[in-house]
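Working notes, structure below.
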Amino acid sequence: MHRRIIAPGALAAASLLLAVPASAATFTPGAPGIGDPYYPSYGNGGYDVAHYDLRLQYQPKTDELEGTATILAKTTQDLSSFDLDFLLDVSEVRVNGVKAAFASSGEHELVVTPKTPLPKGTQVTVVVRYSGVPSTKSAYGFTTWHRTPDGAVAADEPESAWWWFPSNDHPSDKATYDVSVAVPDGTQAISNGALTSTSSKLGWTRYSWRQDKPQATYLATLALGRFDITTSTSEGGVPVINAYSKDLGDNDGAARASVERTGELVDWLSGYFGPYPFSSAGGYVPNTTTGYALETQTRVYYSPKQFAAGSNTSVVVHELAHQWYGDDVSLKGWKDIWINEGFARYAQWLWSEHEGEGTTRELADYVYASHPADDPFWTVKPGDPGADGQFDLAVYDRGALAIEALRHAVGDDAFFTILKGWPKSHAYGNASVSDFRRYAEEISGKPLASLFDTWLFEPSKPAAPATGASLARGAAQVSPPKSWKKIEATNDVHGH
């Protein structure tokens, strides 16, 4: 029997090596921003979220919100600490069941330092207990938590999560959701997906909602108040849940006459974009003073002002088109906003044609002719408009012109194959403008780089018309299609 003689110093060194992981030197904090040049501080680095479980209680009289968020994630680097985007007051954070240190940083960051560093590839459960009055919180000089006479609404773009749940707030990190909210009896809580249960106890009613398909954080919504809720099923079999504040006043009838057509419009859009990608559809109209609508996934948010001039199916078409273009397939970075807004606008053009109120070509002619070459409209690049131009009119109208130009270039057969195939090819994922161009080239068999550059990236009016010589005519020679006022009325649909 032979023994190795180990010197005391070597033994101590060996013990130290056993106590400290070999990769300890590589543990670093996750980045406080995910790397989007439009919004450098939004989102976070170092982990990827799979699921949010939110258990909340809300008191509408005082706007007090209490919650426990359970976040299931996986680390993408060796993490010594990581950030969550959040504004409310945190009382406790646990990482894999163990209390973690935490501190606020910057305008909207919650920095979490687990007791033990997290190796890359680790499955992580983060529990955050919190409370606060969301309407008293602001970041960068604004709030996206909207008080109503009977409660509140969380719905905004590109951010709204910070005011009601901690998150990795960037569209590139999509996750599934369970949202369970207790409110005083007589008040309702509405969120995304399907209502899985309701229960009442001691004067409180709990509503539990499940979004079982990946969802971007800005598409998560919460509406708290007194609503009239309607349920139905579309002819194509899609369950529809709509809700209307009980105090909409003069806008109530027009709102219902528009939003109650959701099932019909979902089925109609399915003919162009393929099967509806989610387990339910619908919308809600709270009594807010905002002016915009938002494609919050499966449960579209509509401001009452969208219906102040009467029924408005065009805005419903716009937001439902986003369920495919924007929600099912989400942008990789905020510069890719054209994939959301250009196609939602083009859906309005298709609806105009369906209603006999102006073809897509007539609408393209009018838009092209309405903006002379020196109009600033042409200086906005829909393919990369910049953070300040993200919701500029040109992203919508010039964006739709680009789609009509694509249709003219590849022909109807290839065009409608692209329109329907794109959501399927990138289902529940993320994609960029470049990804879409490559897909269109693959389906059509044609090189499209020059067309995309001309219509999406050059800061000038294209010399070549989108759909033929007719676009070369002046504005005085082109009359607005019948649908134009309805479409124009939705120009501020995301203007907030």
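The figures here come from the full heavy-atom set of this structure, side chains too, leaving out hydrogens, waters and symmetry mates. A quick note: this is a predicted structure, and the numbers were derived from the prediction, not measured. The chain is numbered in sequence order, starting from 1.
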Report yes if the side chains of [X] and [Y] come closer than 4.5 Å at any heavy-atom pair, otherwise no.
X: W324; Y: V329; answer: no
X: I337; Y: F391; answer: yes
X: W268; Y: V317; answer: yes
X: E357; Y: W351; answer: no
X: L72; Y: V49; answer: no
X: D156; Y: H146; answer: yes
X: S303; Y: Y301; answer: yes
X: L56; Y: S180; answer: no

Measure up the [X] and [Y] rings against each other and bin them: parallel (under 30°), tilted (30 to 60°), perpendicular (over 60°).
X: W349; Y: Y346; answer: tilted
X: F436; Y: F452; answer: tilted
X: Y42; Y: W162; answer: perpendicular

Quick one about [Y] and [X] (side-chain donor to acceptor, distance below 3.5 Å, no hydrogens or angles considered), yes or no?
X: R407; Y: T360; answer: yes
X: R345; Y: N491; answer: yes
X: Q188; Y: Y284; answer: no

Do NZ/NE/NH1/NH2 and the carboxylate oxygens of [X] and [Y] come within less than 4.0 Å?
X: K332; Y: D435; result: yes
X: E66; Y: R129; result: no
X: E264; Y: R261; result: yes
X: D178; Y: R55; result: no
X: K486; Y: E488; result: no

Of the non-hydrogen atoms in A394 and V380, which two are nearest, and what is the gap between them? CB-CB, 3.7 Å

Of all heavy-atom pairs between A139 and W163, which one has the smallest distance, and what is that distance? N-CZ2, 4.1 Å

Just wondering, more than 12 heavy atoms not from R147 lying within 6.0 Å of its CZ?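 Yes.
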
Are more than 12 heavy atoms from other residues, nucleotides or ligands located less than 6.0 Å from atom CG of D185? yes

Measure from the ring center of [X] to the ring center of [Y] and say whether it is less than 6.0 Å.
X: F165; Y: F86; value: no
X: F343; Y: W338; value: yes
X: H108; Y: Y140; value: yes

Report the C-alpha separation of R256 and D228 in whole Å, then their side-chain angles, then the decisive distance to 0.1 Å, and conclude whether the salt bridge (charged side-chain N to carboxylate O under 4.0 Å, His left out) test is met. CA-CA 11 Å; R256 291 172 187 265; D228 178 30; 2.8 Å; yes

CH2 of W204 to CD of Q57: how many Å apart, nearest 0.5 Å? 4.0 Å

What is the distance from atom OG1 of T76 to atom CG of D48, rounded to the nearest 0.5 Å? 7.5 Å

Could you walk me through whether N430 and L331 pass side-chain contact (heavy atoms from CB on, under 4.5 Å), step by step? CA-CA 5 Å; N430 298 78; L331 38 72; 5.8 Å; no

